[in-house]
Amino acid sequence: MKRFFLLIQLLAMLAPVTVFFGYILMDEGDQFTAEHYMITGLSALPFGIAMLVKFLMSDVDKKSN
């Protein structure tokens, strides 16, 4: 189960990084606008959800042993 959550965290961390570099490539290095920052911040939401699920499921492994 720990490996599964590690995979989920790694995949969720790719979203904001991909969006951030995607905007840099699409805008050809132009300055970010407020919308760019908002979308980059919102793309970090899957990572937050993955961490919340990991926290909520942390006792499951302990109870099964």
Side-chain angles (χ1 to χ4, degrees):
M1 194 73 148
K2 290 182 181 181
R3 290 181 183 165
F4 174 70
F5 282 118
L6 181 61
L7 175 67
I8 296 296
Q9 289 171 6
L10 288 174
L11 292 175
M13 284 183 1
L14 287 177
V17 173
T18 304
V19 169
F20 180 76
F21 286 115
Y23 273 125
I24 290 174
L25 293 175
M26 286 184 347
D27 288 342
E28 298 174 359
D30 290 342
Q31 205 167 15
F32 268 24
T33 63
E35 290 139 359
H36 293 110
Y37 287 118
M38 181 185 69
I39 296 300
T40 302
L42 286 175
S43 66
L45 192 61
F47 180 72
I49 292 171
M51 293 302 291
L52 178 66
V53 170
K54 180 182 177 186
F55 173 73
L56 293 174
M57 297 291 288
S58 64
D59 288 337
V60 172
D61 287 340
K62 293 177 185 175
K63 290 179 183 176
S64 65
N65 289 337

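For Val17, the side-chain contact (heavy atoms from CB on, under 4.5 Å) partners two or more places apart in sequence, or in a different chain, are Phe21. Residues that satisfy the side-chain contact (heavy atoms from CB on, under 4.5 Å) test with Leu7, not counting sequence neighbours, are Leu11.
Separating the CZ atom in Phe4 from the NZ atom in Lys54 is a distance of 12.5 Å, to the nearest 0.5 Å.
Connection of Leu10 to Ile49 is not established within any shared hydrophobic cluster, with ILVMFWY side chains joined at heavy-atom distances below 4.5 Å, either directly or through further cluster members. Grouping the Ile, Leu, Val, Met, Phe, Trp and Tyr side chains by contacts below 4.5 angstrom, directly or via other members, places Met13 apart from Ile8.
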- Derivation of the side chain to side chain contact (heavy atoms under 4.5 Å, CB included) call for Phe5 and Met51: CA-CA 8 Å; Phe5 282 118; Met51 293 302 291; over 6 Å; no

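Minimum heavy-atom separation, Gln9 to Phe47: O-CD1, 3.8 Å. The heavy-atom pair separating Ala12 from Ala50 by the smallest distance is CB-CB, 4.5 Å. For the residue pair Ser43 and Ala15, the shortest heavy atom distance occurs at O-CB, 3.6 Å. The two residues Pro16 and Ala44 come nearest to each other via the heavy atoms CG-CA, 3.8 Å.
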